[in-house]
Amino acid sequence: MRQRDIGSILIHYFGNKILMKKLRKNNFYLYKKGEGEVLIYVNKASPYKSFLLNSENWHFVEGDLDV
């Protein structure tokens, strides 16, 4: 994006911190403007409960709000 002379991007993101690390590595900066919420329901008996409740296993962007 820098090669195309794009000065900034805006991403509303929740999930694994690897995306933010990659953006910082490429000289993009984090700008926090408020906090959002993600609500996840997991059945108590689910064998995936610990996996699903770990935000490092998720990648949500604003476009995912329609699910």
- Query: For the hydrophobic clusters of this structure (ILVMFWY residues joined by side-chain heavy atoms under 4.5 Å, transitively), does one cluster hold both I6 and I11?
  - Reply: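 As far as the 4.5 Å side-chain criterion goes, I11 and I6 are connected within one cluster.
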- Report yes or no: do L23 and I18 belong to one cluster of Ile/Leu/Val/Met/Phe/Trp/Tyr joined by side chain heavy-atom distances under 4.5 Å?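 Per the 4.5 Å side-chain linkage, L23 and I18 are not co-clustered.
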[atom1]/[X] to [atom2]/[Y] distance, rounded to the nearest 0.5 angstrom?
{"X": "H59", "Y": "F14", "atom1": "NE2", "atom2": "CZ", "value": "11.0 Å"}
{"X": "S46", "Y": "F51", "atom1": "OG", "atom2": "CZ", "value": "11.0 Å"}
{"X": "F28", "Y": "K22", "atom1": "CZ", "atom2": "NZ", "value": "14.0 Å"}
{"X": "R24", "Y": "K17", "atom1": "CZ", "atom2": "NZ", "value": "10.0 Å"}
{"X": "K49", "Y": "K44", "atom1": "NZ", "atom2": "NZ", "value": "7.0 Å"}

- Mind listing the closest non-hydrogen atom pair of I40 and L52 along with its distance?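 The answer is CD1-O, 4.0 Å.
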- Query: Is there side-chain contact between Y48 and V42, with at least one heavy-atom pair below 4.5 Å?
  - Reply: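 Contact flag for Y48/V42 side chains = no.
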- Item | Main-chain N/O of W58 paired to N16 side chain as donor or acceptor, under 3.5 Å |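 Answer holds: no.
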